[in-house]
Protein chains: 2
Amino acid sequence: MVRSTNSRRPATLASLAAELGVSRTTVSNAYNRPDQLSPELRKRVLDTARRLGYPGPDPVARSLRTRKAGAVGLLLTENLSYAFRDPAAVGFLEGLALACEDADHGLLLIPANPEHEDVAAVHSAGVDGFVVYSVPDDDPHLAAVMERPVPTVICDQPSLPEIDRVGIDDGAAIKELARHLIELGHRKIGVVCMRLARLRNDGPASPERQSRANFHVQRARLTALSEAFAEIGVDWEQVPVIERFDHTTESGGSAAAQLMELDPEITAIICTSDILALGALSEVRRQGRRVPQDITITGFDGIDDAERVGLTTVRQPVLEKGRAAGRLLLDSAESSGKPREVLLETQLVTGSTAGSPRSVEERWFGP
Amino acid sequence: MVRSTNSRRPATLASLAAELGVSRTTVSNAYNRPDQLSPELRKRVLDTARRLGYPGPDPVARSLRTRKAGAVGLLLTENLSYAFRDPAAVGFLEGLALACEDADHGLLLIPANPEHEDVAAVHSAGVDGFVVYSVPDDDPHLAAVMERPVPTVICDQPSLPEIDRVGIDDGAAIKELARHLIELGHRKIGVVCMRLARLRNDGPASPERQSRANFHVQRARLTALSEAFAEIGVDWEQVPVIERFDHTTESGGSAAAQLMELDPEITAIICTSDILALGALSEVRRQGRRVPQDITITGFDGIDDAERVGLTTVRQPVLEKGRAAGRLLLDSAESSGKPREVLLETQLVTGSTAGSPRSVEERWFGP
DNA sequence: GTGAAAGCGCTAACAC
DNA sequence: GTGTTAGCGCTTTCAC
């Protein structure tokens, strides 16, 4: 196997045609419409192409002409490499890749560093459409995507009126979880949540900040929690909510610590992701507390590691989300104008990290 | 945020220029060379663009003109979605994504289903270069990549004389592992390896098949093992090697079972990947044998799960491999003609799954 | 079954 | 600082 040449592109469709003494159309047909010319001629074309080191029609030129790139662009909130760190994101990617593969499309990961406002990468992506995965509603990259005259599907957030979307019912899902905790008897809880805005903020999130969150999913979950607990008379103003910018177990751990220091009386820590919950779990145990006897911890997502340690959480079909997003995008032909929305089912997973809170007496004097 | 229009592309650089009564160059400059025109004019151009719903220069047309796509293509052995299942592949992807991000390039995952011979996806990828990750030397997609007149870097396999490559010294790495087992006293071993050719084969791999393997990495490891054991007088012809096509823990488990049935006397199972080893571990334990007291098991890669369970293995820097491959490709300008090779360091990880074999007496009558 | 003509939308010299 | 010219390499009616 020898590389034809390392130098400058040697031959074009036109030069090949000239060499052969046929028209460009014929050469083009040899590649794209074999039935439009005699097998002999086609063979002659292809053979000469090999001899001249002609690599076949240039994909970019073809794209320009056909107005198809054969690729789907993916925009993520985070550094590209982050996408490979978060199991939920990896699951989503897998599903999306599956859908692309089925439709013979490539998947272009777009470098959209959230720290930078530079949206050039979005502008220069040669794609037939975009999938946007969980970005803040004021993300400049998202705005750039919306400007591109190609179909777009958003997964999770934001929820835009005109745009196809796939997601879950975040509110309903976490409400089910909240009711589970309420039934167990929890009244004093604390919350650890992911970033609520594009600017870093690590610490307590006031109710104002919560309701002003630029991440629709986080906002929906917090709102639903407040509603669920309001139903039993808990004043949400008194519920500590700790925000973390980085989505890591370390963040989850430090947030849990901060929470317990802020209000030692809480009997449960609700985390808006499994990653955060896993970190909280470690931290709580490091402090010598038992779960769930001393404190209850819950997550969200249903990643493998969570199930492995028996975390009480909400399982969402991340792979299906990716696949649904890809399908929606690649079926855009059928899009009859009105935006479509796909809501996937979630499932409460009652693990071993949630239990009934002990009474204050029990806490101090044993069961 | 409103999508300018959902209909057909409304404006082009030319129509914008006409509308403004300026030349196309000026409009182009407004986007690409702000310093080439007055700020006022630029503003007027951009404003009119917004008004007309002009989304900025078409990326494909620009690519055609500039001969740059701003993207790197990635070719994998497996279905795209597999890449997200294998932790080693995910690590590689992360590294590669990092390198691409640094260079403001996108990463295009190319759908190259190994079951199909259809290489159209390779032909239609608008990229500035390819990274090829661990494919068999007779892969038709690889051949298609080699035909494209763009730089290419291969990671792991195959090892082609003309092409830049990044990898590890597979032979040396596994030899170190082999010597470790030899020192522990193992003489009767069995091997579980990954696929050796493009066609499915699940079962024993003869020495001929081993040396004819289309996967350079597997071949190198098997050869090195045979050499290491030859040094102490072990006849490699007698060493059972079980091949598995699918790279899963299930495969590892069934292969281990097959191995033990084939030769109940083996005291160690060397697996050529952690995934296979993890599967072997489960199977062996399921059969009631203790590791390492009853049998020794080793892996290769150093994935998180392996370290978690204390697998004796070889750690290789998967993320660094991805990053190195990306850098090599994106630095191709500096490529002075002669192919470059980057070999990364590996490290023997002595975990808790390798120990001294018990004597036959001990096996039957206890220690 | 084959060819001629007409661009797809853009950028880069170079001249003004 | 702005415009003119000349393609980048290809596909696609539509005649022949």
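Within every chain, numbering begins at 1; the chains are lettered A, B, ... in the order of the sequence lines, protein sequences first and strands thereafter. As the structure is a computational prediction, the values presented were derived from the model and not from experiment.
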Query raised in the report: Of all the choices, D/dG3, C/dC8, D/dT11, which nucleotide is nearest to the side chain of A/Leu13 once you look at every atom?
Result: D/dT11
**Report entry** Nearest-angstrom distance from the residue atom CG of A/Asn29 to P of C/dG3
**Finding:** 10 Å
Query raised in the report: So do the side chains of B/Leu20 and B/Val45 get within less than 4.5 Å of each other, counting heavy atoms only?
Result: yes
Query raised in the report: What residues in residues 37-51 of chain A put a non-hydrogen atom under 4.0 Å from any atom of DNA chain D?
Result: none
Query - Note: B/Lys68-B/Asp128 ion pair, threshold 4.0 Å (strictly below) - result: no
Query raised in the report: B/Leu64 CG to D/dC8 C1': how many Å, rounded?
Result: 4 Å
Query - Pairing of A/Arg323 and A/Glu320 as salt bridge, 4.0 angstrom limit - result: yes
Considering only distance and modelled atom types, tabulate donor-acceptor pairs under 3.5 Å from the side chains of residues 154-161 of chain B, sequence neighbours left out.
unit_1   : atom_1 : unit_2   : atom_2 : d
B/Asp156 : OD1    : B/Lys321 : NZ     : 2.9
B/Asp156 : OD2    : B/Lys321 : NZ     : 2.8
B/Gln157 : OE1    : B/His216 : N      : 3.1
B/Gln157 : OE1    : B/Val217 : N      : 2.6
B/Gln157 : NE2    : B/Ser134 : OG     : 2.9

**Report entry** Proximity to the side chain of B/Arg67 - top-ranked nucleotide from D/dT11, D/dC8, C/dG3
**Finding:** D/dC8
**Report entry** Sidechain N-carboxylate O distance under 4.0 Å for B/Asp164, B/Lys338
**Finding:** no
Query raised in the report: Distance check: side-chain N/O of B/Tyr31 vs OP1/OP2 of C/dG9, anything under 4.0 Å?
Result: no
Query raised in the report: Quick one: B/Asn32 CG to C/dA12 P, roughly how many Å, whole number?
Result: 7 Å
Query raised in the report: Choosing from D/dT12, D/dG9, D/dT5, which nucleotide comes nearest the side chain of A/Asp58?
Result: D/dG9
Query raised in the report: What does B/Val22 touch in the nucleic acid at a heavy-atom separation under 4.0 angstrom: a base, only the sugar-phosphate, or nothing?
Result: sugar-phosphate
Query - Separation of atom NE2 in A/His123 from atom P in C/dC10, rounded to whole Å - result: 12 Å
Query raised in the report: Can you find a side chain N or O atom of A/Thr26 that sits less than 4.0 Å from OP1 or OP2 on C/dT2?
Result: no
Query raised in the report: For A/Arg62 and C/dC8, what is the distance between atoms CZ and C1' respectively, to the nearest whole Å?
Result: 14 Å
Requested in this report: Rounded to the nearest angstrom, tell me the gap between atom CZ in B/Arg33 and atom P in C/dT11.
Outcome: 9 Å
Requested in this report: Examine the base of C/dT11 for any acceptor or donor lying under 3.5 Å from a partner atom in the side chain of B/Thr25, and report the outcome as yes or no.
Outcome: no
Report task. Measure from CZ on B/Arg24 to C1' on C/dA12 and round the result to the nearest Å. Result -> 12 Å
Report task. Kindly state each residue pair satisfying ring pair (Phe, Tyr, Trp, His ring centres under 6.0 Å) with at least one member in residues 91-149 of chain B, sequence neighbours excluded. Result -> B/Phe92-B/Tyr133
Query raised in the report: Which sits closer to the 5' end of DNA chain C, A/Ser23 or A/Arg65, going by the nucleotide each is nearest to?
Result: A/Ser23
**Report entry** Side-chain touch A/Leu330/A/Val72, heavy atoms, less than 4.5 angstrom
**Finding:** yes
